[in-house]
Asker: 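I'd like to ask you about the structure that follows.
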Amino acid sequence: MSGTGERGSATTKTPADFLKSIRGRPVVVKLNSGVDYRGILACLDGYMNIAMEQTEEYVNGQLKNKYGDAFIRGNNVLYISTSKRTLADGA
C-alpha cells in the first residue's frame, strides 16, 4: 500500500504545476460572460490575471476580433484550457 501511495504522489500535479507547464503554449481562456480568448499564454499571476499573445476573441464560436497582446483580469476567468489546435501549430 505504501508503494502505491508513493508512486501516486510522485505523479500528482497541482493546478499551479499545470499552469507553469502551459506557459508559452496555445490556450483557450473562457470568461464568465461566455466569451473565449485563444492565443499563446505569455504569463499569469496568483490572481489569475492573464497576459496572452496572438489573441483571438470568439463570441458564440465565431471569431470577432484579433489582438496582438491581451490582458485578462483574473476575476473574469471561468477556466483555462490547453488548445487542441491553432493556426500557428498547423503551419
Asker: Should L31 and Y37 be marked as a side chain to side chain contact (heavy atoms under 4.5 Å, CB included) after you check the CA-CA gap, both sets of side-chain angles, and the distance that decides it?
Answerer: CA-CA 8 Å; L31 303 187; Y37 287 91; 3.4 Å; yes

Asker: If hydrophobic clusters are built from ILVMFWY residues whose side chains come within less than 4.5 Å, do V27 and V59 share one?
Answerer: yes

Asker: What I'd like to find out is whether the side chain of K13 reaches to under 4.5 Å of the side chain of S21, using heavy atoms alone.
Answerer: yes

Asker: What do the steps show when you test T55 against V29 for side chain to side chain contact (heavy atoms under 4.5 Å, CB included), and what is the final call?
Answerer: CA-CA 10 Å; T55 310; V29 178; over 6 Å; no

Asker: How about L19 and M48: do any of their side-chain heavy atoms sit closer than 4.5 Å?
Answerer: yes

Asker: Set out, in order, the CA-CA distance, both residues' side-chain angles and the distance that settles side chain to side chain contact (heavy atoms under 4.5 Å, CB included) for N65 and E56, then state yes or no.
Answerer: CA-CA 6 Å; N65 284 305; E56 298 176 336; over 6 Å; no

Asker: What are the two closest non-hydrogen atoms of I80 and F18, and how far apart are they?
Answerer: O-CE2, 4.3 Å

Asker: Check each of N49, L44, I72, N32 against V77 using the side-chain contact (heavy atoms from CB on, under 4.5 Å) test, and report the only one that passes.
Answerer: I72

Asker: Are the side chain of N60 and the backbone N or O of Q62 linked by a donor-acceptor pair below 3.5 Å?
Answerer: no

Asker: Starting at SG of C43, measure out to CE of M52 and round the result to the nearest 0.5 Å.
Answerer: 11.5 Å

Asker: Which distance, rounded to the nearest 0.5 Å, do you find between the CZ of R38 and the OG of S81?
Answerer: 10.0 Å

Asker: Tell me, which pairs form a salt bridge (Lys or Arg N to Asp or Glu O under 4.0 Å) where one or both residues lie in residues 22-32, sequence neighbours left out?
Answerer: K30-D36

Asker: Nearest 0.5 Å, what's the OH-CD distance between Y67 and E57?
Answerer: 4.0 Å

Asker: Roughly how far, to the nearest 0.5 Å, is CZ of R73 from CD1 of I50?
Answerer: 13.0 Å

